[in-house]
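A note on names: the letters A, B, ... follow the listed sequences, proteins ahead of strands, and every chain is numbered from 1.
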Number of protein chains: 2
Amino acid sequence: MNPVIANASFDIDKARETFREYLTGKGLRITNQRLAIFEAAFKHSEHFTAEDLLVHAREIDRSVSRATVYRTLPILTESELVREIDVGRDYKFYLASRGSHIEKAQVVDVESDKIYEIDAPFLEWYARSIAEKVGLEPISQRLQVQARPIRRKDDSKEG
Amino acid sequence: MNPVIANASFDIDKARETFREYLTGKGLRITNQRLAIFEAAFKHSEHFTAEDLLVHAREIDRSVSRATVYRTLPILTESELVREIDVGRDYKFYLASRGSHIEKAQVVDVESDKIYEIDAPFLEWYARSIAEKVGLEPISQRLQVQARPIRRKDDSKEG
DNA sequence: TTGGTTGCAAACAATTTGCATCTAA
DNA sequence: TTAGATGCAAATTGTTTGCAACCAA
């Protein structure tokens with residue numbers, strides 16, 4: 001409800017520095033293509049696909065190829081700079097991590113196809129209580145809700 | 001914890017009848033291939049893939065093709081006789097519905113690759129409370145937990 | 001210098017589809 | 001009889017990979 005406050009402290013320069021350090025720490029090289037892909041990911045304020053990322057990265061560096069986008073995405077997700085979101089379609093979405101470590105649930109409006117990221121503060125706790133039933137501890141969890149606009153009683157139209 | 005009790009009342013004959021009625025009600029034909037696929041789905045006591053289903057359906061009716069399996073799965077899921085489970089791999093799992101309408105969460109043990117179906121009685125309520133934040137009402141929800149065996153403090157081994 | 005990185009195009013793999021043939025009702 | 005269903009093989013589609021050229025360190 002107050003994204004301005006949540007994002008006020010987000011610093012893309014810090015994120016970029018984290019990315020460079022992550023690459024160096026893993027013995028990976030800092031290439032123009034990887035930097036362009038990073039910038040494109042953080043330019044997006046919404047969910048994006050690999051294809052979206054390719055288009056935007058190319059606006060920064062014409063030489064970026066689809067293969068490099070697909071090879072760079074795992075680096076971005078492993079470093080936790082980007083979150084991967086799979087809502088069961090035939091392609092994945094990604095979202096730049098901008099601070100806020102509160103777990104999110106995805107609500108997919110099936111009528112508009114829009115995906116909402118909603119704070120789900122109890123999700124981690126709930127996932128833990130469920131995993132413990134089979135002697136496991138959570139690594140990650142996701143809650144996805146397929147939903148539609150709330151219908152008033154007197155709405156009778158279909159499709 | 002007590003699957004025997006939970007399944008004691010499950011009646012495959014009733015499910016088969018529901019399937020036949022569903023087909024008829026939709027103006028679809030009752031074919032040997034569809035019946036074989038139904039039987040194969042309910043013969044499985046665990047999650048299965050489309051490919052698993054093809055193999056088992058062919059043991060019942062040699063003429064079943066992969067295309068028919070893929071064309072029949074949506075009928076089985078729409079009729080709610082089978083649940084579709086997408087845990088973010090490149091293929092989907094399915095599970096015959098055997099009574100019990102309690103919502104389930106999936107816990108995926110990343111070390112054994114096993115998928116556990118765990119009762120998650122608050123899931124529907126929680127999903128509703130989240131969807132309502134953006135003025136939507138849930139159609140369905142899923143909670144998935146990637147997890148690993150609980151590590152004792154003194155376990156220091158990695159991978 | 002040189003081993004990691006790249007673009008390209010071919011390869012992959014799960015799923016879908018066009019079409020001639022078949023069959024349930 | 002005939003509209004719906006089928007098997008087959010080709011097509012589709014997001015993603016991955018082999019390889020020779022390239023370039024960051």
Ring pair (Phe, Tyr, Trp, His ring centres under 6.0 Å) pairs touching residues 79-98 of chain A, sequence neighbours excluded, are A/Y91-A/F93
Between B/R34 and B/A67, whichever has its closest DNA chain D nucleotide further toward 5' is B/R34
Every protein N/O within reach of nucleotides 22-25 of chain C N/O, cut-off under 3.5 Å:
residue	atom	partner	partner atom	Å
C/dT23	O2	B/R29	NH1	3.2
C/dA24	N3	B/R29	NH1	3.4
C/dA25	OP1	B/I30	N	3.2

Residue pairs passing the ring pair (Phe, Tyr, Trp, His ring centres under 6.0 Å) test with at least one member in residues 49-72 of chain B, sequence neighbours excluded, are B/H44-B/H56
Using a 4.5 Å side-chain heavy-atom cut-off and chaining through intermediate ILVMFWY residues, the residues clustered with B/V134 come out as A/V107, A/Y116, A/I118, A/F122, A/L123, A/W125, A/Y126, A/I130, A/V134, A/L136, A/L143, A/V145, B/V107, B/Y116, B/I118, B/F122, B/L123, B/W125, B/Y126, B/I130, B/L136, B/L143, B/V145
Residues pairing under salt bridge (charged side-chain N to carboxylate O under 4.0 Å, His left out) where one sits in residues 109-131 of chain B, two or more places apart or in two chains, turn out to be B/R83-B/E117, B/R89-B/D113, B/K104-B/D119, B/E111-B/R151
B/K26 NZ to D/dA5 P, in whole Å, measures 13 Å
Hits for ring pair (Phe, Tyr, Trp, His ring centres under 6.0 Å) against A/F19, two or more places apart or cross-chain, chain-then-number order -> A/F38
Sorted by chain and residue number, the side chain to side chain contact (heavy atoms under 4.5 Å, CB included) partners of A/S140 (sequence neighbours excluded) come out as B/Q146
The complete set of salt bridge (charged side-chain N to carboxylate O under 4.0 Å, His left out) pairs with one or both residues in residues 26-50 of chain A, sequence neighbours excluded, reads A/R16-A/E39
For residues 53-82 of chain A, the salt bridge (charged side-chain N to carboxylate O under 4.0 Å, His left out) pairs (sequence neighbours left out) are A/E51-A/R66
Review point. Quick one: does A/Q144's side chain have a donor or acceptor within less than 3.5 Å of a partner on A/D86's backbone?
Key: yes
Excluding B/I139, membership of its hydrophobic cluster (Ile, Leu, Val, Met, Phe, Trp, Tyr; side-chain heavy atoms within less than 4.5 Å) reads A/V110
In whole angstroms, the gap separating C1' of C/dT17 from CZ of B/R66 amounts to 15 Å
Numerically ordered, the residues 44-62 of chain B set in heavy-atom contact under 4.0 Å with DNA chain C is B/A50
Ordered by number, residues from residues 68-95 of chain A within less than 4.0 Å of DNA chain D (heavy atoms) are A/Y70, A/R71, A/D90, A/Y91, A/K92
